[in-house]
Protein chains: 2
Amino acid sequence: MNVTLRQLRAFTGVYRTRSITRAARELGITQSATSLLIQQLEVQLGVKLFDRSTRSVHPTLAADEAFHAAERMLSDALGLTRRMHDLAQARAGRVAFVASAGAASALLPQILAKFRAGHPEIDIDMRDVAADDLVPRLIATDAEFAIGSVEGEFAEMTIETLTRGRLSAIGRRTADFAARRSLTWDELAQLPTIAMRRETRIRMQIDQALGAQGKHLAPTYEVTLINTALAMTAQGLGLAILPATMLPADQFPTLIARPLVRPAITRPVSLLQRQGQTLSPAAQAFVTTARTMLAERSGRAF
Amino acid sequence: MNVTLRQLRAFTGVYRTRSITRAARELGITQSATSLLIQQLEVQLGVKLFDRSTRSVHPTLAADEAFHAAERMLSDALGLTRRMHDLAQARAGRVAFVASAGAASALLPQILAKFRAGHPEIDIDMRDVAADDLVPRLIATDAEFAIGSVEGEFAEMTIETLTRGRLSAIGRRTADFAARRSLTWDELAQLPTIAMRRETRIRMQIDQALGAQGKHLAPTYEVTLINTALAMTAQGLGLAILPATMLPADQFPTLIARPLVRPAITRPVSLLQRQGQTLSPAAQAFVTTARTMLAERSGRAF
DNA sequence: TGACATTCATAGGTAAAGCTCATGAATTGA
DNA sequence: TCAATTCATGAGCTTTACCTATGAATGTCA
C-alpha cells in the first residue's frame with residue numbers, strides 16, 4: 001500500500017488540533033478510525049509522527065516537517081476538484097474555435113456578447129479564417145469546433161446545420177422595398193445590384209444554382225469584401241446580393257434583407273466538430289448559446 | 001468520497017501512455033481496475049477526462065489541466081515518503097541538544113566527529129551552556145536532549161548515566177607519574193596542584209566529598225577554566241584535579257590522568273531527555289554513538 | 001471484405017480495507 | 001479517591017477494491 005489522502009487529512013487534523021478525538025469530529029469519523037489512520041501513516045512513512053500518551057498527543061519533529069507537505073497536497077487536491085468543477089460548470093476555461101470570415105463578422109459578434117455576459121470567466125479564442133481554411137484549421141489546431149458555411153461531408157467530422165441563410169437582396173428600408181416579401185432573380189435583373197466577385201464561395205454557389213436554371217447574374221458592381229458591398233448598399237448604389245445572415249443589423253440599421261426566390265438559394269451555417277471528441281464544458285456552453293440564438297433567428301423572416 | 005492518490009496515479013498513467021491497458025500494466029493492476037479508477041475520478045471531478053472509444057483513449061482539455069496538478073501531488077507524495085524515510089534512517093535531519101561546557105569541550109568533539117562521519121547529512125546544533133543552565137535550556141528550547149553532569153532528579157525528565165568520570169590527578173607523562181595506578185588525596189597534599197575555583201560545580205563536589213571525610217583540599221593554584229588548568233599542567237606547574245573525562249587526549253598528548261582515591265569521587269556524565277518524548281531518529285543515532293563511545297571509554301582505566 | 005486481434009466497459013464474486021461499537025487502560029482534575 | 005476524558009485495541013459489519021470472465025467495438029491484415 002501507499003500513503004493516502006485520507007491519512008493525510010487525519011494527520012493534519014490531529015496535528016492542528018493536537019487531539020485525535022477532536023480531529024475525528026472534524027473529519028466526521030470516529031476516534032478509533034482516526035487513531036488507525038495515524039498509525040497507518042506512521043507505518044507508511046516509517047516515522048513516529050506523534051508522541052502519544054493515553055491522554056495527549058504531541059507532534060514530533062518529523063510531523064512538523066510532514067505537516068507542510070501534507071497541507072500542500074491537500075490544498076492541491078481541493079484546488080484540483082474546485083478547478084475541475086468550475087470547468088464542468090463552464091465557470092472557467094477557454095473556448096478555441098474557428099469561424100469563417102462571414103460568420104465571424106455578421107453572426108458571431110452577438111453570440112459572443114451574449115456568451116460573455118453569461119460566462120465572464122471564460123477565455124474565448126476565435127480564429128477567423130477564409131472559408132476554404134475552415135476545415136483544415138479545425139483539423140490542424142487545437143480549436144474544438146468550427147462555425148461557417150461548408151458543403152458536403154468530411155471524414156471524422158460531425159456537421160450540424162445551425163441555421164440557413166437565404167440568399168437575399170439587401171437594400172435600404174424604402175417604403176417600396178420594405179413592402180416586398182421577396183424578390184425573384186428576374187426582377188433583380190432590372191435593378192442595380194452589388195454582388196461578390198466570381199472567385200468567392202458565395203458567388204460561385206449563386207452562379208451554379210442560377211446556371212442550373214438557365215439563368216445568369218449580371219451585377220452592376222462586383223466586390224471582394226462583404227462590408228464593402230453593404231457600405232455601398234447603404235449609400236444607395238444598389239441592392240446587395242448576400243445571405244441574410246451576413247447583414248449585421250446593428251452595424252447597418254438602415255438596411256433590410258428580402259429573400260430572393262425562383263430559385264431560392266440557401267447557404268447553411270454549420271457547426272463542425274471532430275468526431276468522437278467531446279467538447280469542453282465551456283465549448284458546450286458556447287455552442288448551446290450559438291444554437292439557441294441562431295434558432296431564434298431562423299424563426300424570423302429574412 | 002473524495003479524490004484518492006490511487007485515482008491520480010491511474011490518471012497520470014493513462015494520460016501519459018494514452019492507453020488504459022498500458023497504464024494498468026505500469027500500475028501492476030488489471031485493465032478493468034484502471035478503467036474503474038478513471039471513471040471514479042471523472043465522477044469526483046465532475047469532468048470527462050478522456051474521450052474513449054473501445055479502441056482508443058484521448059485526453060480532454062480538462063485532463064491537460066488536471067495532469068499537472070496530479071503530477072505535482074504524486075511527486076509531493078513521493079517526496080514526503082522519501083524524506084520521512086531518510087529521517088527515519090537518520091540519513092537526514094537535525095539534532096539539537098544542550099551540552100554542558102565541560103562535556104562540550106572534552107567529550108563531545110570526538111563523538112561529533114564520529115557521528116558526522118557516519119551521518120554526513122545531519123545538521124548538528126549543539127548549544128554549550130554552563131552546568132546550571134543545562135536543564136533549564138533543555139526545558140525551554142527545542143533541544144531534544146542534554147548531555148552533562150547533573151545530580152538528583154528532575155520532574156518530567158529521564159536521566160541516564162552514560163559514563164562516570166573519576167576525579168583524577170592529571171599530570172605530565174613522567175616515568176614516575178606514569179608508573180602510578182592511582183593517587184590518594186593525602187599524597188596529593190604534598191604536591192603542587194591546580195584546582196577549579198570554589199564557585200565551580202566540580203570544586204563544590206570535591207569540597208563536599210572531602211569534607212565528609214574530614215579532609216580538605218588546599219590547591220596551589222585555582223582557576224576558572226578547565227583549559228587553563230590543563231595548560232598550566234602541561235607546563236609542569238602542578239597536577240590538575242579534574243574528572244578524567246575532561247582531558248582531551250588529542251589536545252594535550254603529554255598529559256595523563258590517574259584516579260584519586262580515598263575517597264574515590266566520581267561525577268556522572270548523563271543524558272537527559274524529556275519524559276514521554278521520543279527522540280528523532282537523528283537524535284537517536286547520535287545518542288547511540290555517544291553511548292557506545294562513552295561505554296568504551298569507561299572500560300579503559302583513567 | 002471477412003477473420004483476427006486488440007482495446008475498453010461491465011458484471012459477478014471474493015478478498016481486503018475501513019469504519020463503528022464496545023471495552024480497557026492511563027491520566028487529569030475535582 | 002472518583003469521575004471524566006482520552007487514546008488504543010479487538011470484534012464484527014459494511015463498503016470498497018480488485019480480479020476474472022465476458023461482451024462490444026474497432027482497427028488490421030490477408
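First the proteins, then the strands, lettered A, B, ... as listed; each starts at 1. Excluded from the calculations below are hydrogen atoms, water molecules and symmetry mates; all remaining heavy atoms, backbone and side chain alike, are included.
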Task: Between B:Glu144 and B:Ser280: side-chain donor-acceptor atoms closer than 3.5 Å - done: yes
Open item on the list: Please determine whether a side-chain nitrogen of the Lys or Arg among A:Asp142 and A:Arg137 lies less than 4.0 Å from a carboxylate oxygen of the Asp or Glu.
Closed with: no
TODO: Side chain of B:Arg6 only, please: which of D:dC7, C:dC8, D:dA17 is the nearest?
DONE: D:dA17
Open item on the list: Just by distance, no angles: are the side chains of B:Thr30 and B:Ser32 close enough, under 3.5 Å, to form a donor-acceptor pair?
Closed with: yes
Open item on the list: Which is more 5' along DNA chain C, the nucleotide nearest A:Leu37 or the one nearest A:Ser53? Just name the residue.
Closed with: A:Leu37
TODO: Return the value, rounded to whole Å, for the distance between atom CG of B:Leu36 and atom P of D:dT20.
DONE: 14 Å
TODO: Indicate yes or no: does A:Arg9 engage A:Glu71 in a salt bridge with an N to O separation below 4.0 Å.
DONE: no
Task: Out of C:dC8, D:dA17, C:dT20, whichever nucleotide has its closest atom nearest the side chain of B:Gln40 - done: D:dA17
TODO: Check the distance between D:dC18's C1' and B:Leu27's CG and give it to me in whole angstrom.
DONE: 13 Å
Task: B:Arg52 vs C:dT7: side-chain N/O to OP1/OP2 distance below 4.0 Å - done: no
Open item on the list: Rounding to an integer number of Å, can you tell me how far A:Ile20 CD1 sits from C:dA26 C1'?
Closed with: 14 Å
Task: Protein-nucleotide distance (A:Gln31, atom CD; D:dG10, atom P), rounded to Å - done: 14 Å
- [ ] Write down the distance between CZ (B:Arg22) and P (C:dT7), rounded to a whole number of angstrom.
- [x] 7 Å
- [ ] Report the nucleotide, chosen from D:dA8, D:dA17, C:dC8, that has the shortest atom-to-atom distance to any side-chain atom of B:Thr21.
- [x] C:dC8
- [ ] Report the residue (B:Thr54 or A:Thr54) whose heavy-atom-nearest nucleotide on DNA chain C is the more 5′ of the two.
- [x] B:Thr54
Open item on the list: With a cut-off of less than 4.0 Å, is there a side-chain N or O of B:Ser19 near OP1 or OP2 of C:dC8?
Closed with: yes
Open item on the list: Between C:dC21 and A:Ser32, counting only base atoms on the nucleotide and side-chain atoms on the residue, is there a donor-acceptor pair under 3.5 Å?
Closed with: yes
TODO: Starting at atom CZ of B:Arg25, determine the distance to atom C1' of C:dT7, rounded to an integer number of angstrom.
DONE: 10 Å
TODO: Would you mind classifying the nucleic acid contact of B:Ala33 as base, sugar-phosphate or nothing, using non-hydrogen atoms under 4.0 angstrom?
DONE: sugar-phosphate
Open item on the list: Can you measure B:Gln275 atom CD to C:dT27 atom P for me and round it to whole angstrom units?
Closed with: 10 Å
Task: A:Gln39 (side chain) and D:dA8 (base): donor-acceptor pair under 3.5 Å - done: no
Open item on the list: Between P on D:dT15 and CG on B:Asn2, what's the gap in Å once rounded to a whole number?
Closed with: 18 Å
- [ ] Verify whether one side chain among A:Thr17 and A:Arg22 offers a donor that lies under 3.5 Å from an acceptor in the other.
- [x] no
